[in-house]
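Comments concern the structure below.
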There are 2 protein chains.
Amino acid sequence: MAKLSERKKKILAAVIEEYIASAEPVGSKLLAEKAGLHVSSATIRSELSELTALGYLEQPHTSAGRVPTVLGYRLYVNELMQRPDLSREDADRINRSLGDPAQGQERMLDHAGRLAADMTDYPALTVCSQPPDTVRRLDLIYVDANTFIIVLLLGSGTVQNKLVHLPFSVEEAQLRKLGTVANANFCGVTEAEIDAERIRAAERAIDDRMGLTAVVAGFVIEILSRCHCARAAVSGGAKLLRQPEFQDPAKAHSLMDYLSDAGNLSGLSFTDAAGQDIRVLIGPENIAKELRDSSVILAKYDAGDGMQGLIGVVGPTRMDYSRVAAKLSYIAAGLSRALADSAGTALPGFGKLMLTDPDKKPGRP
Amino acid sequence: MAKLSERKKKILAAVIEEYIASAEPVGSKLLAEKAGLHVSSATIRSELSELTALGYLEQPHTSAGRVPTVLGYRLYVNELMQRPDLSREDADRINRSLGDPAQGQERMLDHAGRLAADMTDYPALTVCSQPPDTVRRLDLIYVDANTFIIVLLLGSGTVQNKLVHLPFSVEEAQLRKLGTVANANFCGVTEAEIDAERIRAAERAIDDRMGLTAVVAGFVIEILSRCHCARAAVSGGAKLLRQPEFQDPAKAHSLMDYLSDAGNLSGLSFTDAAGQDIRVLIGPENIAKELRDSSVILAKYDAGDGMQGLIGVVGPTRMDYSRVAAKLSYIAAGLSRALADSAGTALPGFGKLMLTDPDKKPGRP
DNA sequence: TGCTGGCACTCTTTTCTTCTGAGTGCTAAT
DNA sequence: ATTAGCACTCAGAAGAAAAGAGTGCCAGCA
């Protein structure tokens, strides 16, 4: 790929920025006035025609202005565009919005997604991958003769539980034994390692003839398998309809349908964001055919404990890459920070209580 | 409101059904052929013009066919339409889809919502109100010196938990004491009753100077307050775009935006479904202005323990009321059944295990 | 050699006009 | 009461013409 002259670059950038703003093919005259280089429209015309020959621009039809190609966008994103600084208000808004860490990870992600959608005016998606988890510790709480609770503390620090009703009765002592054995057998191992073999071993160890061990094992397996698949969510899907390229309901429908199935996103987008902090996928660079006419911008965030996730937006290829990238990376950073805070936070719930009764605040002296 | 002749009713019903199917104004000629009464189009024309005068129909313009008014739809829904029986496949599909109760309430609702959206081709909404809940039992699980888990068993049977990290250390014995006191003070009471007074009393009882009691209380309050507000969700929002009345992106956008904010729905729709099993809100009968041009059909379901919820769909006023009502009420019934099952189910997790290893199945002989 | 103004040409978009057809309301006859 | 017939209305389709935006190319100028 031959190096472009400075002027060509400047013109290309101007075309793209203009097109992003107006959604209409850009002509030489407009560029001559706006692009800041003091040459005539004829000169620009010849430059445009060369850029077109090189594949960075194209014409919808002979007598129309130029529109960026995917190659053009790519060059723009890689080399030409400069990330603008966030405005004071935007930065404030993000900080304020992600400021309160006392909400739990899921809510937080949801919140960040909405924020991203609102601030960029594109639908936002959040993906949170989880590495295969293990049980760190398992407790059985006796409720009554027919009922107990299983509580799992996972390696990642989250806690899961389930209330179990039995069609027969169990004694507390028996449950305690079960708990010990289950801890010994099901902790620290991956989902795959909990096989029938292991379960039977545990069963024999406490002479369990009623399948209690299997219940516990079943729950452990269910939880481990649920955790390790990535969770994805989309907010603000309706925002697509604002974009001129989605005025055609059929197009909008197909993309929105695709987005509304969270499963589609969880797998796909994650592998795409290998190295960088922010990743831009333009049009056909997307693997999913539903996204071939759109672009996706993804920012990586850190969810603590080595877990990481993505927050991003989907829009037409004519997307305001620089603005969105700036906002997303700021949001991702904020999210990482907030999640780190919330994981290590001491005395959660404190804030809320003080709110209820600020004067007589309980707590340490 | 004067009683309509049988023939007028038949014609009105025919107009509405035809309009529902075609989305286009219905003319006298078509009716003469299809409506099954053996009269000429001229006769029908005069009937139509009377129905128009009575306010059941209207004309978009002089030389167009007739379109139902809200009044017309209302009469149709109240008196004219007959709920068709579900086709065998549809009934099967619903039963199969809601058959597996081992998923947890939230997933189940979500699942039912998707099902409703898929089967009706309109966006579906689910609302689940919860009566104020109380803690039935509270456990604190000691993990290590700086960490413990709070487990709440609620009156409704759900279990909630939280992992707490402390900036100082606690002994196991101390935690046990705390558990006892917390059980004594925070169980069986509503959120409002857990005030600073009560918390301080508990604190004094175990000489808690580190605010541990407050942490536990904070969590209890958080959970109780979270449970008691209704949860709402929408699935298949994109399906709106298939309806001709939402070809205009602006219209679609405003409604979809409204729907995507779950808060809007939770409050509103619930109060509307007082008596009946199924409730139809046509156009301006909706309170929310965003729904004034649309209709909502709601079916009530029973979530066990006196809790109840709504499942419904949103669509244009030109909605296939009878078909949708039939499906929704079947789904609602199935959902009630499934939720009842899942609450009382014995040995959850069993099925899964057997699937993994059908030969060497563990369990009771 | 690089830039510019000028000009003919192309093609979309807009606007205006005309035409068509579905559907009505009325009337007179059965 | 019902029907056939007929004149009338009006939205939407189809077509023609005009407008406009932008290009490519060329000849002249620094």
Side-chain angles (χ1 to χ4, degrees), chain A residues 2 4-12 14-16 18-19 21-69 72 244-245 247-248, chain B residues 2-12 14-19 21-69 72 244-245 247-248:
Chain A
L4 294 179
S5 73
E6 276 312 306
R7 193 168 72 182
K8 279 206 178 55
K9 286 186 185 173
K10 212 162 173 183
I11 291 177
L12 179 57
V15 170
I16 293 179
E18 196 54 47
Y19 184 63
S22 71
E24 306 215 323
V26 186
S28 55
K29 199 174 157 200
L30 188 76
L31 287 167
E33 288 162 11
K34 282 207 175 182
L37 6 98
H38 303 266
V39 290
S40 77
S41 72
T43 311
I44 295 202
R45 247 183 335 264
S46 82
E47 294 282 55
L48 285 179
S49 107
E50 286 175 52
L51 284 168
T52 306
L54 291 168
Y56 296 112
L57 297 175
E58 65 188 351
Q59 289 177 283
H61 51 267
T62 336
S63 74
R66 300 312 207 279
V67 162
T69 61
E245 24 276 282
Q247 292 306 85
D248 172 14
Chain B
K3 198 97 174 71
L4 294 181
S5 74
E6 275 314 304
R7 194 170 68 183
K8 279 207 179 53
K9 286 187 186 173
K10 212 162 172 183
I11 292 178
L12 179 57
V15 171
I16 292 179
E17 275 154 23
E18 196 54 46
Y19 184 64
S22 71
E24 305 215 325
V26 186
S28 56
K29 200 175 157 199
L30 189 76
L31 287 166
E33 287 161 12
K34 283 208 174 182
L37 6 97
H38 303 265
V39 289
S40 79
S41 70
T43 312
I44 295 204
R45 255 196 315 275
S46 84
E47 295 280 55
L48 285 179
S49 110
E50 286 176 52
L51 283 168
T52 307
L54 290 169
Y56 295 110
L57 296 175
E58 64 188 351
Q59 291 178 283
H61 53 265
T62 333
S63 73
R66 301 308 209 281
V67 162
T69 61
E245 24 278 279
Q247 293 305 85
D248 173 14

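All figures in this text were calculated on a predicted structure; none of them were measured in a lab.
- Taking atom CG of B:Leu51 as the reference point, atom P of C:dG25 lies 12 Å away to the nearest angstrom.
- Taking CD of A:Gln59 as the reference point, atom OG1 of A:Thr52 lies at 5.5 Å (rounded to 0.5 Å).
- For D:dT23, one of the phosphate oxygens OP1 or OP2 lies less than 4.0 angstrom from a side-chain nitrogen or oxygen of A:Ser28.
- Between the NZ atom in B:Lys29 and the CZ atom in B:Arg45 there is a gap of 10.5 Å [rounded to 0.5 Å].
- Within the nucleic acid shown, A:Ala42 comes within 4.0 Å of at least one base atom, counting heavy atoms only.
- Atom CD in A:Glu6 sits about 17 Å away from atom P in C:dG2, given to the nearest Å.
- Under 4.0 angstrom from either OP1 or OP2 of D:dT2 there lies no side-chain N or O belonging to B:Thr43.
- Look at CD on B:Gln59: it is 11 Å from C1' on D:dT9, rounded to the nearest Å.
- Rounded to an integer number of Å, the gap from B:Arg66 CZ to D:dA11 C1' is 16 Å.
- Looking only at side-chain heavy atoms (C-beta outward), B:Val26 and B:Leu48 stay at 4.5 Å or farther from each other.
- Of the side-chain N and O atoms in A:Arg45, none sit less than 4.0 angstrom from OP1 or OP2 of C:dG5.
- Between D:dC10 and B:Thr62, a contact under 4.0 Å exists linking OP1 or OP2 to a side-chain N or O.
- For A:Ser40 and A:Thr43, the side-chain atoms include at least one donor-acceptor pair closer than 3.5 Å.
- For the pair A:Glu47 CD and C:dT4 C1', the computed distance is 14 Å after rounding to whole Å.
- In the set C:dG5, C:dG23, D:dA4, the nucleotide with an atom closest to the side chain of B:Ser63 is C:dG23.
- The NZ atom of A:Lys29 sits 14 Å away from the C1' atom of C:dG5 (whole-angstrom rounding).
- Proximity of a side-chain donor or acceptor of A:Thr69 to a complementary backbone N or O of A:Gly55 within less than 3.5 Å is detected.
- In this structure, the NZ atom of A:Lys8 is 10 Å from the P atom of C:dG2, given to the nearest Å.
- Going from atom CD of B:Glu24 over to atom C1' of D:dA11 covers 12 Å, rounded to whole Å.
- The A:His61 side chain lies nearest to C:dC11 when the options are C:dC11, C:dG5, D:dT23.
- A residue-by-residue look at B:Pro25 and A:Ser41 shows that A:Ser41 has its nearest nucleotide of DNA chain C further toward the 5' end.
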